[in-house]
Amino acid sequence: MENAQLASLLNEICTLMELAGEDSFRSGAFARAARTIETLPDSVAGKVEAGSLDSVPGLGKTLKDTVSQLVQTGTCKQLDDLREKTPPGLILMLRIPGVGPKKVRAMHLELAIDTLAKLKDACESGKVAALKGFGDKTQAKILEGLAFVELSSERVRLDQAMAVAEPLVAAVRAMKGVEHAELAGSLRRRRETVKDIDIVATVADTQKATSILEAFTKLKGVERVVGQGDTKASVVARLGEGTRALRINADLRVVSTQAFPYALNYFTGSKEHNVALRQRAQALGFKLNEYGLEGDAGNKRCSDEPALYKALGLDYVQPELRENTGEVQAAIDHKLPELVNIDQVMGVFHNHTVASDGANTLEEMADAARALGYKWLGIGDHSQSLTIANGLSPERVRDQWREIDRLNKKWHDFRILKGSEVDILADGSLDFDDNLLAGFDYVVASVHTHFNQPREEMTARIVKALENPFVTMLGHPTGRLLLRREAYAVDLEAVLQAAKKHDKWVEINANPMRLDLDWVHCRRAREIGVKLVTNPDAHAADELANTIYGVEVARRGWVRPAQLANTLDLNGVLAELETRRKKV
DNA sequence: GCCGTTTTCGGCCCGACTGTTTTCAGTCG
């Protein structure tokens, strides 16, 4: 059993214990253990076998027993019992913003509500508001939240879908008779959330398609077969275990080798891009479909996708751009941008260490950054008022600076940069005074509190923060959590204009739960001339790798290498930050 | 449930906010 899987089961126990009304410190111990295990480099299953669980902090007698059982049997008595007495609907209810385990429990015990549908009925008939501790406003909020939950459950995040899709593609690729297998659909376009997984595979002999489709339906992780025909199979694939498991639809389409470029193109979409391509083909006297590009003089043979675009008189359009938002015309006019690439990222700014709420030390983060080939690494721990995240006091900031200076003596080709993720307070002032801010190499300013301010207030607050001369960039500009929390109300256009006016960078937070700024506004920022920067917001060394998700957002936003601050090399970033400091 | 010690119970990062109350519970980060 993988550590992640084990952690997921422990988290499930925690959630179920909370719903059962058990002591929060008790349930919290399971969640803490889950987090520890998630960030542990070596296998806990291996430790169980070797009898060395004692080396894992946070595991006492009970949790060691639980972990051993989970590793050995995939479940444990406690989990089985909890699952049996907890209707799955209660877990869904937890996804409603502002609803936690206590409220769910109260509604379950008092009103026998155990599904979203019953909850909706109870809200509409006013029963929820009558409960002790509830009221009209709570009831209205729950109704609002229900709509969101119902909507969001249809999609999963890119990273979650990738975790399911990549093993499936690899497995199909390894099947006998398969020549190519590629991800298609919105996953290939790297949309931030997706509805399903599309895979296109080719076989030299289409007679073999049936056996490949058959094998696909029997792959590990496939839970249910929805449909299976001669060229296509549709299944439900599962990620994770138990009540917290994620389910997503996955389609495999098998075509002949000859049809591959057309099929891949067709199934990559978007639908709107395809329509534009077909119109283009029509205008040139062709007919484009998933099997070929037919003209009066027969089929036009294309060996790959770039050849297909060329045959249509277009420059190659990268999958990330295929949203019919001007890319076809740009491809005709040879005006598509050269997109930024993950290999061009030299460093990232916004990361946390154990000093605030991260899991790894400065040195561990630096080592991980160097392993990724980065030339510099920015550390931006939280500021003092964010006590929940163990924000740094000015004294602790200075301690960290000394430690960074000490570490930086180790390398000649790599630097840790002194940064801070400073809270933008409710009135737009910053959580550290200018005196201290002046001592950082750079400052990320972010909103973490007072999410419910009116739009004008929030906009003014952020704009005011951007006016501070010591601020280098704006962190996660909208605060959204994909499928979980809407962005706070803010006039992004005004924020981007302010960023332009004051020469501030805007972050594409690369945490796959955020992807904030989104790609749409990236394009807008690019038009305005606002420089962007992507940061993994890593709270652990292995999260530095999330930078790829930010780069993909940038690509979807038509961002060129020079427009992303991460492409600056070590001398470049030092010079840039120095120039900015001198302007203050 | 874990941990540390003031060695076997009591504390567990906790402050702000909201909506509910009339002094506080629940949620969030």
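Since this is a predicted model, take the numbers as computed values, not measurements. Proteins come first, then strands; the chains are lettered A, B, ... in the order of their sequence lines, and each starts at number 1.
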Residue pair A:Arg396, A:Asp381: steps toward the salt bridge (charged side-chain N to carboxylate O under 4.0 Å, His left out) verdict: CA-CA 11 Å; A:Arg396 292 180 60 220; A:Asp381 274 314; over 6 Å; no
Spacing of A:Leu481 atom CG relative to B:dC28 atom P, expressed in whole Å: 11 Å
Distance between P atoms of B:dT5 and B:dC12 (Å, rounded): 14 Å
B:dC3 versus B:dT8 - spacing of their C1' atoms, nearest Å: 11 Å
Donor-acceptor pair between A:Asp434 and A:Asn468 side chains, under 3.5 angstrom: yes
Rounded C1' spacing from B:dC17 to B:dG10 in Å: 29 Å
Any-strand Watson-Crick or G-U partner of B:dT8, both distances under 3.5 Å: none
Inter-residue atom distance A:Lys85.NZ - A:Leu19.CG, 0.5 Å rounding: 10.5 Å
Gap in Å between the two P atoms, one belonging to B:dT21 and one to B:dT27, rounded: 15 Å
Interatomic distance at P, B:dG26 relative to B:dT20, whole Å: 14 Å
Nearest-neighbour nucleotide for the A:Lys103 side chain, B:dG1, B:dG26, B:dG15 considered: B:dG26
Upstream residue (5' side of DNA chain B) when A:Gly98 and A:Lys132 are each assigned their closest nucleotide: A:Lys132
Distance, rounded to the nearest Å, where A:Tyr488 contributes OH and B:dT18 contributes C1': 20 Å
Sugar-phosphate, base or nothing in reach of A:Leu63, heavy atoms under 4.0 Å: sugar-phosphate
Minimum-distance nucleotide to A:Thr62 side chain [options: B:dC14, B:dG1, B:dG19]: B:dG1
A:Thr138 side chain near B:dT20 phosphate (N/O to OP1/OP2, under 4.0 Å): yes
Proximal nucleotide (of B:dG1, B:dG26, B:dA16) relative to the A:His450 side chain: B:dA16
Closest nucleotide among B:dC13, B:dG15, B:dG1 to the A:Asn390 side chain: B:dC13
C1' spacing across the pair B:dC2 / B:dA16, given as an integer number of angstrom: 28 Å
B:dT23 and B:dT18, which share atom name C1', separated by this distance in whole Å: 15 Å
Length of the line joining A:Lys102:NZ and B:dG26:C1', which is rounded to integer Å: 7 Å
Full working for side-chain hydrogen bond (donor to acceptor under 3.5 Å, both in side chains) between A:Glu507 and A:His476: CA-CA 6 Å; A:Glu507 176 180 87; A:His476 43 71; 5.3 Å; no
Distance in angstrom units between A:Leu79 CG and B:dG1 P, rounded: 14 Å
Contact nearer the 5' end of DNA chain B, comparing A:Ala426 with A:Pro101: A:Ala426
Between OG on residue A:Ser385 and CG on residue A:Leu430, distance to nearest 0.5 Å: 10.5 Å
A:Asp423 vs A:His448, side-chain hydrogen bond (donor to acceptor under 3.5 Å, both in side chains): CA-CA, chis, key distance, verdict: CA-CA 7 Å; A:Asp423 256 59; A:His448 292 113; 2.8 Å; yes
Residue A:Lys137, side-chain heavy atoms: nucleotide from B:dG19, B:dT27, B:dG1 that is nearest: B:dG19
Rounded distance (Å) that lies between atom P of B:dT21 and atom CG of A:Asp136: 10 Å
Spacing of A:His448 atom NE2 relative to B:dC14 atom P, expressed in whole Å: 20 Å
Nucleotide of B:dT18, B:dG1, B:dC14 approaching A:Asp23 most closely (side-chain heavy atoms): B:dG1
